[in-house]
Amino acid sequence: MRAGRRPGRTRLRDRVAASDPGLLRLIAGLRTVGAIALTLAVLAPFGVGVALLVAGAMTAMTATFAIKDKQRRAQAATLALGLPVALVSVTLGAVLSARNVVGGVFFVVLIFFAVYGRRFGDRGTALGLICFQVYFVSLFVEASVADLPGLYAAITAAFAAGALMRFGFVPATPTGVLRRLRQAFRARLAQLIEAQMHLLEADADDIDAVLEEVRDGNARLHETALMIQSRLEEGTRDPAAARLVQRRIADAEIAAERLGLLLLRARSAERADTLTLHLPGAPAPSIALPAAGDEATALLRREFGALRALVVVPPTQARGTALSQLRNRLLGYRDEENLPVALPAVQDVLRGLGEAARAVMGLRMALEGPQDESDDSPSTARSREELDAEDAAIDAEADTPEDEPTGLRRPTTRAAIQVTIGSSLAIVGGEMLSAQRWYWAVMACWIVFLNTASTGEILVKGYRRVLGTLFGVVAGIVLAGLVGNRAWLAFALVLVFVFAAFYTAPLSYTLMSFFVTAMLGLLYTLLHTYSLDVLLLRIEETVLGAACGILAAAVVLPVRTDRRTDELLVTALERLGEVTEAAVDQLSGDPATDLLDRARDLDQALGDFRAATRPLTHPITPLRTRRDTARYVVALLETCAYHARALAATAELLPTHPSIAADPRLRGAVQRTVRNIETIAARLDGGSSRAEVETGPSIASLLRPEVSGTPRYGRVTGRVLRHLERLDEAVVGLARPLRVPVAAPKR
């Protein structure tokens, strides 16, 4: 089999891995549907009523999605604790069902503690969810004290079915999830390289669309890298091995992004900067390199295909002369003497292909162990020695715990108070709409607070909830007419909708709300309580609950979106300054520090900031200028983070890489950039700083030879300088949309 030709099953596996990293969405959907089906299969032979079947199905769904612990032992403990919590909750729901005032007050108290429990981590969050959802189930099926024995049996069966699906039929160990995430990373890396090949071949009419495809590929690759980082500790027993994988993932991501930038510059008639790869909708620069028929283009097309083959060929087919020849040829471009005669921009792309091939080989060595060295060329052997030396230098260091906010500054406390007040309003308003189904308003209020941290996020989530509910009601009306009295057909459709809801939840909250509402329409049909009035009431209660949640978030201890984004932006800038300064210090000759963890902290801070700006960049926002500014700031910060990660990756190579030497002159060159980062952060943090962002000569011009006759800088130092210059330019560019004054350059 030729290198690059793969069986259809392998290609399909890679597509699935890339679309659902770690198969996390598929596992969630299968577990939930399986738990519901098992619960129904256990209860049905006993001839229980439809109400108990519905209660069992809804409890099985809750007992499955609520558990978020990473380790299997912790999952089992939370599931075991969840059963008595569920039994107590349904008991109280049945006992208090006839006492509206007392029941409403208790429901409000329960909501407070369910949300407050998030401060105790995954287990506290899960037990709070179980308590709330099972109480809601008791209201939904109109449980009474006489129904409790049957409800106890249905809930116990549901928890047992959830445990059987989780630990028996659809197991997912941390090691297995991490292995699938690494496979997803390689699949998405291959997709990014394929998008870069499209960029190489695109003509002027298609260049904007293809560039958007490359941006998408970069974002998806980075998303998978962050998912891997978040699971390394649980999925890897050896801390040194975890750090090795983390380094190789970071190397591959940086090399792939840099390769795309070099290709874009080679194809551009004018200078293309890094921001072009990070700003959605930014126009592509005009084309200089022809898309086809050119010798240089044909060479690059061949080598991009070779790089993609190195990524996609599975380990079982990786041994062989054909693949070794591709690898040797690409790694040879890391040596100047192996570069063909071509334009400097084309040679830069070939160097980038060589560095990307080295990163791919390092990734294979970290994930698959020792490789076949029988066909190594001198360039490949040298690259392998460099990687081995880097691997030997890795050691594990402990993270320093950070101080957490207390009192009302703690997010869980604030959210608990907000959702309690919002739910109280929802209960009062819901009672006015319907004395029997007021709890729908409470459910909507509760849900808009889940996984949100600012008023803007709650507003967007409430809007999506209402929109999904509206379309779900229409679907429920149609389905109720089609299903009629065929209970098992209704239950089968419920399973389909449950799977669809959990599979699409991370992708679209609107879609998830649609499937849940359509499912509830079927459940009402099963309970013989379906009517057009009931479904219209659900829309009214959902709108009311979402409005109560938004009102509570806006009035009670509000966290304004602007304030939250400013706080997260300050954190991201602080992490950016730390990574940049530490990397340059190490490149200047200081002792090695833990740059990997600093870079990971930067990525996390940037991810939090990006998520917090989504309400500002949402398509429905009427503030178009503000939306464009937010997108521009996010893109500039991503550009800064890319250059900082590249500096950190180069600094990590310093102790072991024979062609990289410390240059003390770099420390002075970066001081202006670090001061500018600190100035912007101080201004955003509300300080009275009157400092201005400085501009001046290029970073390269600041790097003066220390003694006469010292060479200015070599190729590696030149690459470091390019990253420093682009970082300096991006930081200055960041000051303008944030309204931080920029001082005129001194003459």
Side-chain angles (χ1 to χ4, degrees), residues 208 211-212 214-216 218-220 222-223 226 257 273-284 411 448 451-464 467 506-510 550 553-554 558-577 602-644 676-677 679-686 693 726-727 729-742:
D208 284 318
L211 184 56
E212 197 62 39
V214 173
R215 292 189 191 112
D216 232 17
N218 283 326
R220 285 159 59 86
H222 186 60
E223 174 195 28
L226 291 179
E257 189 169 358
D273 57 22
T274 322
L275 182 62
T276 309
L277 284 180
H278 295 133
L279 182 60
V448 297
N451 300 319
T452 54
S454 71
T455 307
E457 291 179 51
I458 292 171
L459 177 62
V460 170
K461 192 169 186 180
Y463 149 77
R464 289 172 173 168
L467 187 64
L507 303 178
S508 170
Y509 185 72
T510 302
I550 293 168
V559 178
R560 306 296 182 194
T561 303
D562 286 347
R563 193 182 84 190
R564 175 165 169 76
T565 53
D566 282 352
E567 290 174 352
L568 293 175
L569 179 53
V570 168
T571 301
L573 288 169
E574 289 172 349
R575 300 292 179 268
L576 175 66
L602 170 60
D603 285 338
Q604 184 61 55
L606 179 56
D608 292 341
F609 173 69
R610 189 188 301 110
T613 59
R614 284 173 187 161
L616 303 177
T617 59
H618 196 275
I620 68 169
T621 179
L623 305 175
R624 303 300 182 186
T625 302
R626 190 181 180 196
R627 182 190 63 183
D628 294 341
T629 300
R631 286 179 175 172
Y632 185 67
V633 169
V634 170
L636 274 172
L637 198 58
E638 287 178 338
T639 296
C640 293
Y642 161 70
H643 291 297
N676 286 342
I677 294 172
T679 297
I680 297 173
R683 286 290 188 123
L684 292 173
D685 207 19
V693 168
R726 300 294 88 78
L727 176 60
E729 292 168 0
V731 169
V732 173
L734 196 58
R736 294 187 175 94
L738 297 175
R739 299 181 180 178
V740 178
V742 179

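Because the structure is predicted, anything quoted here is derived from the model rather than measured.
Side-chain contact check for Thr571 versus Asp608: every heavy-atom pair is 4.5 Å or farther apart. The shortest distance between side-chain heavy atoms of Leu637 and Leu569 falls below 4.5 Å. Looking at heavy atoms from C-beta onward, Thr565 lies out of side-chain contact with Val633 at the 4.5 angstrom threshold. Here the side chains of Glu212 and Asp216 are not in contact, with every heavy-atom distance at 4.5 Å or above.
Annotation: the span from Ile677 atom CD1 to Leu727 atom CG amounts to 5.5 Å, rounded to 0.5 Å. One finds the CG atom of Leu459 at 5.0 Å from the CD1 atom of Ile550 (value rounded to the nearest 0.5 Å). Leu573 contributes atom CG, which lies 7.5 Å from atom CG of Leu738 (distance to the nearest 0.5 angstrom). The structure places CG of Leu602 at 6.0 Å from CG of Leu576, a figure rounded to the nearest 0.5 Å. In this structure, His643 NE2 and Glu257 CD are separated by 8.5 Å, a value rounded to the nearest 0.5 Å.
Contact detail for Ile680 and Val693: the closest heavy-atom pair is CG1-CG2, 3.8 Å. Nearest heavy-atom pair across Arg631 and Leu279 is O-CD1, 3.6 Å. Here the shortest heavy-atom pairing between Ala572 and Ala605 reads CA-CB, 3.8 Å. The two residues Val742 and Ala735 have their closest heavy-atom pair at CG2-CB, 4.0 Å. Here the closest non-hydrogen pair linking Pro737 and Gly733 is CD-O, 2.9 Å.
Shown here are the salt bridge (charged side-chain N to carboxylate O under 4.0 Å, His left out) partners of Glu638, two or more places apart in sequence or in another chain: Arg610. Under the salt bridge (charged side-chain N to carboxylate O under 4.0 Å, His left out) criterion, Arg220 pairs with no residue, sequence neighbours left out. For His278, the ring pair (Phe, Tyr, Trp, His ring centres under 6.0 Å) test picks out no residue, with sequence neighbours left out.
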* Test side-chain contact (heavy atoms from CB on, under 4.5 Å) on His222 and Asn218 and set out the steps. => CA-CA 6 Å; His222 186 60; Asn218 283 326; over 6 Å; no

* Step-by-step salt bridge (charged side-chain N to carboxylate O under 4.0 Å, His left out) determination, Arg564 to Glu567 -> CA-CA 5 Å; Arg564 175 165 169 76; Glu567 290 174 352; 5.6 Å; no

